[in-house]
Protein chains: 2
Amino acid sequence: MSQTRQPEIRRPLTLRDVSEACGVSEMTVSRVLRNREDVSPATREKVLNTARALGYVPNKIAGGLASQQVNLVAVIVPSLSNMVFPEVLTGISEALDDTGLQPVFGVTGYSAEKEEEVLYEMLSWRPSGAIIAGLEHTDAARAMLENAGIPIVEIMDSDGTPIDSVVGISHRLAGMQMADAIVAAGYRRIGFLGSKMTSDHRARKRMQGLTDGLATHGLELADTELYSGGSALKKGREMTEAILSRTADLDFLYYSNDMIGAGGLLYCLSKGYDIPGQLGMAGFNGVDFLDGLPMKLATIDACRHEIGVQAANIIAGKDQGGVIGGHRVELTPQLVHGDTMRAPS
Amino acid sequence: MSQTRQPEIRRPLTLRDVSEACGVSEMTVSRVLRNREDVSPATREKVLNTARALGYVPNKIAGGLASQQVNLVAVIVPSLSNMVFPEVLTGISEALDDTGLQPVFGVTGYSAEKEEEVLYEMLSWRPSGAIIAGLEHTDAARAMLENAGIPIVEIMDSDGTPIDSVVGISHRLAGMQMADAIVAAGYRRIGFLGSKMTSDHRARKRMQGLTDGLATHGLELADTELYSGGSALKKGREMTEAILSRTADLDFLYYSNDMIGAGGLLYCLSKGYDIPGQLGMAGFNGVDFLDGLPMKLATIDACRHEIGVQAANIIAGKDQGGVIGGHRVELTPQLVHGDTMRAPS
DNA sequence: GGCAGTCATGTTAGCCATATCATACTAGAA
DNA sequence: TTCTAGTATGATATGGCTAACATGACTGCC
């Protein structure tokens, strides 16, 4: 005797299943599950219990199509492999938490083409807003953003013309600010250590700002050392060793980010350099987990968490006084002297 | 004379707009944009040009509803604020890159309730699969996962019973392995430094494994120091100072993660401890950006990137020999002796 | 009692794609 | 020439939900 049990083709549950199971219309169930008014407490209770008992999970695909709105926010960043962007994402995540909006992350690997692809993919979900790192995009990407008809916030950088809103700092100014501080502290033979990556526009602008700033004091970079890939801390060591052995009379090392700076700092300490007397050092970002290093590296805080929060607030329409787009938030990066720069003379 | 310009109510573009603009049916446009066969090269070309010119972006909401499939993979992790999970996400991202599948990340903040919420939210998008950190979930979350009718991969941890597939390491074994190594190296007075967070199940299991392992050698922890929040590197310093001043005769410090371990290491070096002779140290995770520290901290590699890749491969159905679910991949964590443990005596 | 005004719920008509089946048309075989 | 097969395209019917409007049961007031 073969078993005659129904083969149980578990059709996914729909609103209809819930509505039939508790004897109300689909519309009423829908209203309950979206917490709309105008449902009697008794009915609400009944529906909620049934839905829970069945294990019903609403289908936002259908819901989004019907209502023409989707509670997603597209967030596009170049990388997750250093702490910078995860911190921004954390800020975004926190700020969106009580808004009913949900961030969706995409990663471009610092490639403009990949950015275009990711953007296309994301926009095809018709999100309620988009947050994207940087102001430099391909023409196609820019066109997509302009035509999407949703609020766009470009973040991290404020040196350029935004499509809609922008939240960031001026990396050019940050570079110049550092140049001024270095010169004010009396350093003159300055070395630059950074990444080979030309597509990291913000790092490029910082370097530009630094050289321009030095130029206003009649100085220029005495040497430069670039890297790509690998453990940043270790690279910092190696690069520092390389640049110091090549140009022994450097009295300041500017690192394009804190991680390589930390590596450099550890190297110099182990070699017995007198810091900040003989040799000054500074990084960029204000990464706070480096607080535990033997000395506190001078740096400029990139306001990463704050940028995430503010960008998210713009998308969520918090504190906007009714204005919809075109916000410009330029945060002022704070220079932290730390222990690796002499006090201004 | 008031302007009579059409008020330009930019209705979002649909397939119909494209189809009308180039004189074919919607169906044909749809086929072209999804790269289906059976469209003549001439038509394809024409459609592609029109779509590009109009700036049409397909609506996956509608597409997903019609086709009953969505190319998203839900990825749920506890946190983005240390490098551990970003590395896993990077692995997932890479492995999915050529599959047409797209990861969507959700963050739970180590809270079971929040996990449940995030999961509900994510499943309501009807993803093609889900990757979720850990084996411990609320009953409701477990039920949702079981009923979702999609492949589920629980990651990071293999100590327990998975819902469907699992990719991870045994944190219990990792703890025991470390205990064995510590004892083999001749250390006897062992201190534990870790997080207060009871909801980090994997950290808990590592500690359990460590104490159980020590017990098999007739040892127990001599002291314990816990922390919460803050910069891990700094906390590592502070905790180390605290535990060493409280229990001066400790000869080994086991840290629940590499970051606090690194802080502790820097502290001990600055205080002139003889490492690994007088005092041994070890962490957990194998975070490679710590490679630049003055000494290499002993650690156990948690295979984070690899876990991400393998989990993604299971969802994508790569190399599965046709099997759909129920995979069990237990990676073998490698103990790295580094410079902070004596060689086994 | 009759009627406007509420409140709770139901009905209908899409939302924008895609699966499926139907239909022209072409080319080659019998 | 006629018929079969195959190719390119189109018509139709959903998919699961929600907006907008419709309904019906009450309430309370003149």
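Chain letters run A, B, ... following the sequence lines, proteins first, then strands; residues in each count from 1.
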message: Main chain of B:Pro58, side chain of A:Arg126: is a donor-acceptor contact present, judged purely on distance under 3.5 Å?
response: yes
- prompt: For residues 119-126 of chain A, which residues have at least one heavy atom under 4.0 Å from DNA chain C?
  reply: none
d(CG, A:Asn71; P, D:dT18) in whole Å: 12 Å
task: Report the distance from atom CG of A:Leu13 to atom C1' of D:dG16, rounded to the nearest whole Å.
output: 12 Å
field: Sequence neighbours excluded - salt bridge (charged side-chain N to carboxylate O under 4.0 Å, His left out) pairs with any residue from residues 16-25 of chain B
entry: B:Arg11-B:Asp17, B:Arg16-B:Glu20, B:Arg16-B:Glu26
message: In whole Å, I'd like the distance from the CG atom of A:Leu15 to the P atom of C:dC15.
response: 19 Å
task: Give the rounded distance in Å between these two atoms: CG of B:Leu33 and P of C:dC16.
output: 16 Å
message: Could you work out, with side-chain hydrogen bond (donor to acceptor under 3.5 Å, both in side chains) as the rule, every residue matching B:Thr138, not counting sequence neighbours?
response: B:Glu116
DNA chain C contacts among residues 56-67 of chain B, heavy-atom distance under 4.0 Å: B:Tyr56, B:Asn59, B:Ala62, B:Gly63, B:Ala66, B:Ser67
query: Is the shortest side-chain N to carboxylate O distance from A:Asp98 to A:Lys318 below 4.0 Å?
result: yes
message: D:dC17, OP1 or OP2 - any side-chain N/O from A:Gln68 closer than 4.0 Å?
response: no
message: Between C1' on D:dC21 and CG on A:Asp38, what's the gap in Å once rounded to a whole number?
response: 14 Å
message: Tell me if a side-chain donor or acceptor on B:Ser128 pairs with a main-chain N or O of B:Val70 at a distance below 3.5 Å.
response: yes
query: Would you say B:Ser165's side chain and B:His327's backbone share a donor-acceptor pair under 3.5 angstrom?
result: yes
message: For a 4.5 angstrom cut-off between non-hydrogen side-chain atoms, does A:Ser19 reach A:Thr28?
response: no
query: Do any side-chain nitrogens or oxygens of B:Gln69 fall under 4.0 Å of OP1 or OP2 in C:dT18?
result: no
- prompt: CG/B:Asp159 to CZ/B:Arg202 distance, rounded to the nearest 0.5 angstrom?
  reply: 10.5 Å
query: Are any of the side-chain nitrogens in A:Lys114 or B:Asp97 under 4.0 Å away from the carboxylate oxygens of its partner?
result: yes
Every protein N/O lying under 3.5 Å from an N/O of nucleotides 11-13 of chain C:
none

message: If we ignore hydrogens and angles and just use 3.5 Å, is the side chain of A:Thr43 paired with the main-chain N or O of A:Val39 as donor and acceptor?
response: no
query: For D:dG10, does either OP1 or OP2 sit under 4.0 Å from a side-chain N or O belonging to B:Thr28?
result: yes
Test side-chain hydrogen bond (donor to acceptor under 3.5 Å, both in side chains) applied to A:Arg34 and A:Ser30, step by step: CA-CA 6 Å; A:Arg34 285 177 299 147; A:Ser30 169; 3.0 Å; yes
field: Test: B:Asp164 and B:Arg328 ion pair at under 4.0 Å
entry: no
message: Does B:Glu113 have more than 12 heavy atoms from other residues, nucleotides or ligands lying within 6.0 Å of its CD?
response: no
- prompt: When you measure from every atom of DNA chain C, which of residues 40-54 of chain A have a heavy atom less than 4.0 Å away?
  reply: A:Ser40, A:Thr43
message: Rounded to whole Å, please give me the gap between CZ in B:Arg36 and P in D:dT9.
response: 15 Å
- prompt: Any side-chain heavy atom of A:Glu117 within less than 4.5 Å of one from A:Thr108?
  reply: no
query: Once you round it to whole Å, what is the distance between C1' of D:dG10 and CZ of B:Arg16?
result: 13 Å
